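Below is one structure, written out as structure tokens; comments come after it.
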Amino acid sequence: MWDKKKPDTPQAAVPEPKNLLANKESTDAMRPLDAITNRETGWLGSSLHVKGDIIGSEDLMIDGSVEGLIQLEERKLTVGTTAKVTADITARDVVVYGYVKGNVRAKGRIEIKKDGSVIGNLTTAQIMIEDGADFKGSIEIDRSADKDADKDVSSRAVAAGAGPKSI
């Protein structure tokens with residue numbers, strides 16, 4: 001009766017019940033405000049194929065294939081390593097790890113990573129093309145987006161009382 005052998009397989013530990021709300025609040029308190037407000041990111045998995053337009057107001061990560069138009073005016077588009085995108089793209093920032101065929105317009109920055117490939121015309125304020133990336137097309141540097149951003153920052157600073165003062 002007392003000689004029973006213990007099972008060879010380890011027993012799964014019973015997890016302690018946790019107060020998820022308390023943990024969420026303490027974790028959020030350590031993050032910068034920008035990270036808390038900008039957590040919305042959509043994701044198209046590698047097995048998904050979209051034919052049509054994608055228009056949104058959240059960041060988007062694409063690992064599948066897209067044919068059509070992508071408009072994320074003030075958000076970031078990331079084209080993953082397994083992605084194949086045949087679309088004209090408009091976004092704040094675009095990072096390409098996979099394949100893009102189409103014109104790309106970004107108010108902020110376009111990055112083509114080492115194994116990324118872009119065939120199309122680029123219009124942006126900042127561009128970065130890593131060694132090993134493929135690119136065929138033209139690049140137009142559009143500084144008007146940068147100037148608009150600088151005006152917004154300086155007008156906010158003046159409105160907040162950070163502007164020049166006379167004594």
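Just so you know, these numbers use all the heavy atoms, side chains as well, and skip hydrogens, waters and symmetry mates. Since we're looking at a predicted model, the values are computed, not measured.
Counting heavy atoms from C-beta on, the side chains of Ile110 and Val118 never come closer than 4.5 Å. Within the 4.5 Å cutoff, the side chain of Leu122 has no heavy atoms near those of the Val94 side chain. Thr78 places none of its side-chain heavy atoms less than 4.5 Å from the side chain of Asp59.
Every side chain to side chain donor-acceptor pair (under 3.5 Å) that Arg109 has, sequence neighbours left out, goes to Glu111, Gln126. Take Lys76 and apply the salt bridge (charged side-chain N to carboxylate O under 4.0 Å, His left out) test, not counting sequence neighbours, and it matches no residue. In this structure, Ser47 has no side chain to side chain donor-acceptor pair (under 3.5 Å) partners at least two apart in sequence or on a different chain. Remark: Gln71 engages no residue in a side chain to side chain donor-acceptor pair (under 3.5 Å) (not counting sequence neighbours). Glu130 is linked by a salt bridge (charged side-chain N to carboxylate O under 4.0 Å, His left out) to Lys113, counting only residues two or more places apart in sequence or in another chain. Shown here are the side chain to side chain donor-acceptor pair (under 3.5 Å) partners of Glu74, two or more places apart in sequence or in another chain: Lys107.
Once rounded to the nearest 0.5 Å, the distance linking OG1 of Thr81 with CG of Asp63 reads 6.0 Å. A distance of 4.5 Å separates CD in Glu140 from OG1 in Thr123, rounded to the nearest 0.5 Å.
Cluster membership for Ile70 and Val50, using ILVMFWY side-chain heavy atoms within less than 4.5 angstrom, is shared. A chain of hydrophobic side-chain contacts below 4.5 Å, direct or via other Ile, Leu, Val, Met, Phe, Trp or Tyr residues, connects Ile89 to Ile139. The cluster map of Ile, Leu, Val, Met, Phe, Trp and Tyr, joined by side-chain heavy atoms under 4.5 Å apart, puts Ile55 and Leu48 in different clusters. Clustering ILVMFWY residues whenever any of their side-chain heavy atoms sit less than 4.5 angstrom apart, transitively, puts Ile127 in a cluster other than the one holding Val95. Cluster membership for Val100 and Ile129, using ILVMFWY side-chain heavy atoms within less than 4.5 angstrom, is shared.
Nearest heavy-atom pair across Thr124 and Gly108 is OG1-O, 3.3 Å. Between Ser138 and Asn121, the closest heavy-atom pair is OG-OD1, 3.0 Å. Across every non-hydrogen atom of Trp43 and Leu60, the tightest pair is N-CD1, 4.1 Å. Nearest heavy-atom pair across Tyr99 and Ile119 is OH-CD1, 3.8 Å. Looking at every heavy atom in both residues, Arg75 comes nearest to Ala91 through O-CB, 3.5 Å. Across all their heavy atoms, Ala133 and Ile112 have their closest contact at CB-CG2, 3.6 Å.
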Check step by step if side chain to side chain contact (heavy atoms under 4.5 Å, CB included) holds for Leu72 and Arg92. CA-CA 7 Å; Leu72 306 172; Arg92 183 193 68 219; over 6 Å; no
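Between the Ser65 side chain and the His49 main chain, no donor and acceptor come within less than 3.5 Å of each other.
Only one option out of Leu77, Leu44, Val85 pairs with Ile54 in a side-chain contact (heavy atoms from CB on, under 4.5 Å); it is Leu44.
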